[in-house]
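Chain identifiers are assigned alphabetically (A, B, ...) following the order of the sequence lines, protein sequences preceding nucleic acid strands; residue numbering begins at 1 within each chain. Computed from a predicted structure; not experimentally measured.
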Amino acid sequence: MNDIFAELKWRGLIFQTTDEENLQKWLLDQSRTIYAGFDPTADSLHVGSLLPLMILRRFQKCGHRPIALVGGATGMIGDPSGKSAERNLLSVDQLRANVVGIQQQMKKVLDFDNADSGAVLVNNFDWMSRFSFLDFLRDIGKNFPVNVMMGKESVKNRLQRDDLGISYTEFSYMLLQAYDFVHLNKEHGCELQVGGSDQWGNITAGIDLGRRMLSQQLYGMTCPLLTKADGTKMGKTESGAIWLSPERTSPYAFYQYWINVADEDAGKCLRFLTELNQEEIEALDKAREEEAYKRESQRRLAEELTGMIHGPEGLASAQRATKIFFGEEIDNLSDSQLVEIFADVSSKDISKERLSGEGLNLMDAFVEAGLSKSKGEARRTVQQGGAYINNRRRESIDERLTAEDLASETVMVLRSGKKKYALLRFRD
RNA sequence: GGGGGGUUUCCUGAGCGGUCAAAGGGGGCAGACUGUAAAUCUGUUGGAUUAUUCCUUCACAGGUUCGAAUCCUGUACCCCCCA
C-alpha cells in the first residue's frame, strides 16, 4: 500500500478533507474504494475532467479501487455548483450516447481489468431511474433539512442573486449526488469521494446522508480547481474547449495546447496532471527558471499527456505535425499522412487539369486555397516572401505550379506567412 | 419651433475643384527579431492587370463643370446650442 495521501500532498492536490488527521492512516491501513463523478454534457471529456481522472488513477496505482461515476441521471438535472445560470437539460438519448463516449475515454487512464484494484464504471441513471418520485421523497428527501441545503455555497450564491434564481430541479441536485455516495457505499463499499473544491457541498451532503441512512462514516476530499495564472479556465482556447476525443480535438491540437501553456502554469500542470516524480518536476522547475526559452516543461507536459490520451502513435503524429507546421520541408509523404497532419487545416479540391501544361499560377493557387482574398493580396504575399509551397518559399510571382510540386499523390501544401496553412487536393 | 455642425475606404480621422484609391493613427497581413510568448523594427493594406493602365469607392438621389470626396439642390440619419 503506497502512501497516496503523501503523494497527493506534495503535488498540491489536497484542498480540503473531512478528516485531516486520520485520513492518511486510514488510506494506508488497507485498500479502499473511492469515487469521483463526471458530467456527461458531451460525448467526450475535456481537459477539465483530466484532473479528477488522474486523481483516480493515482489512487489506483497506490492500491485502491477507483469508481468512475458517470452522471447519466445527474446530468439530466444540472449541478448548480460553479454555474451562474440554469442549465439546459439534455435529452435521454443524447445522454446515453454521451455516456458511451466518455466510458471509452476513461479506459485510457484507468485500469478496468485488474482483479484487486480494477476500476469500476457506473452510471447513476441505472439506479436513479428506478426511483419513483414518492419513494425518493420518502426515503431520501426526508433526510435533508432545507435550511442546511440553503446554507450550501452553491445554492446560496444563486439565491442571493435576484437576477438569476435557481429552479427546484437544480436545488434538488445535491440530493441525487448525496444518494449516489450512499448507493456506492452499499453496492461497492465505497467510502471516499473526491472532487474539485466546488464539489465540497455535494460531498458533505453525501456524508451526512450516509450517517443518517446507514450509520456509516464516509470521507470526502477535494482538490484545487485547475485554473491559469491569468484567471481564465484551463483547457479553453478562443476556438473552444480542448477535448480528449481525437475527433473533436486532433492529437496535434491537443499537443499544441500543452506546448503553449504559460510558464507560470507549467509547474502546476506537471504536478496535477502528469505522473512525473517529485525530483523530475523540481528539475523542470529549475530548468524553467534558468533556461525558459528551452520550454522543457511544456514539452514534457505535452508528451506525457498526449501519449497517455492518444497513445504512442498519436504522440508521434502530433510531433511529426509539429515539425511540419513549424517549417520543415514537406517531401515524400503520402496523402493519408498529410491529411492526418493537416486535419485542422482547410482544404479545397480542384481539378488535376490545372497542373498540366503551363501549370497553375502561384497567385491563383493562393486565392483558390483561400489564403489570399484577391490576386493583389496574393501578389503582395509572394513579393514579401510570405508564400510557401510545401514549406519551401516561392519568391517569384511568375512561378507556375506543376505536378512536380505535389507533396504527395494529390495534395499540395500552401502556406502564407509563418503558420497559416491550406491544402489543395488535385483530383480527376 | 429657431440656429449651427456632421455623415470619407475595416475603425478612427485628415482632405475643401484637378497632382486623390484618398494624409496620420489603430487594426489586419507579410518580413526581421524571438521561446510556437510579449515587445520592437521594416514593408504593406479597394479590385483586375502585359505594371501600363483600367474599373469600383468618400451617406443617398439628382445637378453645375472639360473635370467633384471637394461646389449646388433635394432626401435620410446623427450631434450640439437656444426655446
Side-chain angles (χ1 to χ4, degrees), chain A residues 47 227-240 242 249-270 283-306 310 314-330 341-346 357-400 413-422:
Chain A
V47 303
T227 51
K228 292 200 278 187
D230 63 13
T232 56
K233 251 190 186 154
M234 187 59 89
K236 286 258 172 18
T237 64
E238 314 82 59
S239 45
I242 302 293
T249 300
S250 70
Y252 167 74
F254 185 86
Y255 181 86
Q256 282 294 313
Y257 179 78
W258 300 110
I259 284 284
N260 283 314
V261 162
D263 291 353
E264 312 85 77
D265 297 323
K268 195 158 146 185
C269 286
L270 286 167
L284 286 169
D285 286 345
K286 194 155 170 259
R288 203 164 56 247
E289 213 161 285
E290 289 164 3
E291 306 175 299
Y293 63 94
K294 284 191 178 166
R295 302 165 64 71
E296 187 63 20
S297 297
Q298 283 88 341
R299 209 173 310 277
R300 282 305 296 277
L301 182 64
E303 280 168 13
E304 291 290 320
L305 295 178
T306 311
H310 296 296
L315 174 60
S317 95
Q319 286 175 323
R320 194 168 57 226
T322 295
K323 272 193 197 147
I324 286 175
F325 265 96
F326 289 93
E328 188 170 89
E329 286 191 5
I330 301 167
I341 291 170
F342 291 100
D344 304 324
V345 158
S346 77
E358 274 256 280
L360 176 63
N361 181 287
L362 184 59
M363 290 173 294
D364 287 336
F366 272 76
V367 174
E368 287 280 4
L371 286 176
S372 301
K373 284 203 274 296
S374 65
K375 283 197 178 188
E377 193 179 299
R379 175 179 298 105
R380 241 172 274 134
T381 304
V382 175
Q383 286 170 340
Q384 293 178 139
Y388 299 78
I389 300 292
N390 304 330
N391 278 340
R392 259 177 232 111
R393 182 181 276 180
R394 296 303 187 91
E395 318 206 20
S396 163
I397 56 171
D398 300 320
E399 294 211 40
R400 297 266 161 181
V413 182
L414 312 202
R415 174 178 137 212
S416 157
K418 235 166 228 152
K419 43 185 171 180
K420 248 170 56 193
Y421 283 88

**Q.** B:U70 to B:C16 separation - C1' atoms, rounded to the nearest Å
**A.** 5 Å
Q. Between B:U36, B:C29, B:G31, which one does the side chain of A:Arg393 approach most closely?
A. B:G31
Q) Is A:Ser416 touching bases, backbone alone, or none of the nucleic acid, heavy atoms closer than 4.0 Å? A) sugar-phosphate
Q: For A:Met363 and B:G47, give me the distance from atom CE to atom P, rounded to whole Å.
A: 13 Å
Q.
Taking only the P atom of each, what is the distance from B:C10 to B:C54 in whole angstrom?
A. 24 Å
(Q) Check this one for me: any side-chain N or O of A:Arg380 less than 4.0 Å away from OP1 or OP2 of B:G47? (A) yes
Q) What interatomic distance, in whole Å, is found between C1' of B:U50 and the corresponding atom of B:U34? A) 42 Å
Q: Considering only atom P, compute the distance from B:G27 to B:U49 and round it to an integer number of Å.
A: 31 Å
Q.
Does this structure show an ion pair linking A:Asp285 with A:Arg288, if we count only N-O contacts that are shorter than 4.0 Å?
A. yes
Q.
Roughly how many Å apart are B:A30 and B:G47, using the P atom of each and rounding to a whole number?
A. 15 Å
**Q.** Distance test, side-chain N/O of A:Tyr388 to OP1/OP2 of B:G31, below 4.0 Å
**A.** yes
Q: Using atom CD of A:Glu290 as one end and atom P of B:G35 as the other, report the distance to the nearest whole Å.
A: 17 Å
Q. Between A:Tyr421 (OH) and B:A30 (P), how many Å, whole number?
A. 12 Å
Q. Is A:Arg415 touching bases, backbone alone, or none of the nucleic acid, heavy atoms closer than 4.0 Å?
A. nothing
Q. Between B:U8 and B:C78, how far is it from one C1' atom to the other, in whole Å?
A. 15 Å
Q | Nucleotide B:A37, atom P - distance to CD of A:Gln298 in whole Å | A | 12 Å
Q. Do you know the tightest heavy-atom contact between A:Ala302 and A:Ile259?
A. CB-CG1, 3.7 Å
Q. Any donor-acceptor pair under 3.5 Å joining the side chain of A:Gln384 to the base of B:G43?
A. yes
Q: Write down the atom of A:Ser372, the atom of A:Thr381, and the distance for their closest heavy-atom approach.
A: OG-OG1, 4.2 Å
Q) Using the C1' atom in both, what is the distance from B:G17 to B:G63, to the nearest Å? A) 15 Å
Q | Phosphate contact (B:U49 OP1 or OP2) by A:Lys375 side-chain N/O below 4.0 Å | A | yes
Q: Would you please classify the geometry between the A:His310 ring and the A:Phe254 ring as parallel, tilted or perpendicular, with 30° and 60° separating the classes?
A: perpendicular
(Q) Rounding to an integer number of angstrom, what distance separates B:U9 and B:G25 when you compare their C1' atoms? (A) 15 Å
Q) Roughly how many Å is it from CZ in A:Arg379 to C1' in B:G47, rounded to a whole number? A) 11 Å
Q: Would you mind classifying the nucleic acid contact of A:Lys294 as base, sugar-phosphate or nothing, using non-hydrogen atoms under 4.0 angstrom?
A: nothing
**Q.** Value in whole Å for how far the C1' atom of B:U45 lies from CD of A:Gln383
**A.** 13 Å
**Q.** Smallest separation among heavy atoms of A:Ala387 and A:Phe366, with atom names
**A.** CB-CZ, 3.6 Å
(Q) Applying the side chain to side chain donor-acceptor pair (under 3.5 Å) criterion to A:Asn391, which one of A:Arg415, A:Glu329, A:Lys323 satisfies it? (A) A:Arg415
Q) 5'-most contact on RNA chain B: A:Tyr252 or A:Lys418, nearest heavy atom basis? A) A:Lys418
Q | Side chains of A:Asn361 and A:Arg400 in contact at under 4.5 Å (non-hydrogen atoms) | A | yes
Q | Heavy-atom neighbours of A:Glu289 CD exceed 12 at 6.0 Å | A | no
Q. Taking NZ from A:Lys373 and P from B:A48, how many angstroms apart are they, rounded to a whole number?
A. 12 Å
Q) Between A:Asn260 and A:Gly385, which has a closest nucleotide on RNA chain B that is more 5'? A) A:Gly385
Q: Grab the CG-C1' distance between A:Asn361 and B:U49 for me, whole Å please.
A: 12 Å
Q: Would you classify A:Glu377 as touching base, sugar-phosphate or nothing, given that sugar-phosphate means primed atoms plus P, OP1 and OP2, and contacts are heavy atoms under 4.0 Å?
A: nothing
(Q) Would you call the rings of A:Tyr252 and A:Phe325 parallel, tilted or perpendicular, taking 30° and 60° as the class edges? (A) parallel
Q: Would you sketch RNA chain B in dot-bracket for me? Only Watson-Crick or G-U wobble pairs with both distances under 3.5 Å count, crossing pairs as [ ], other-strand pairs as |, the rest as dots.
A: (((((((..(((.....[.....)))((((((.......))))))(((....)))...(((((..]....)))))))))))).
Q. According to a strict under-4.0 Å criterion, is A:Ser374 in side-chain N/O contact with OP1 or OP2 of B:G47?
A. yes
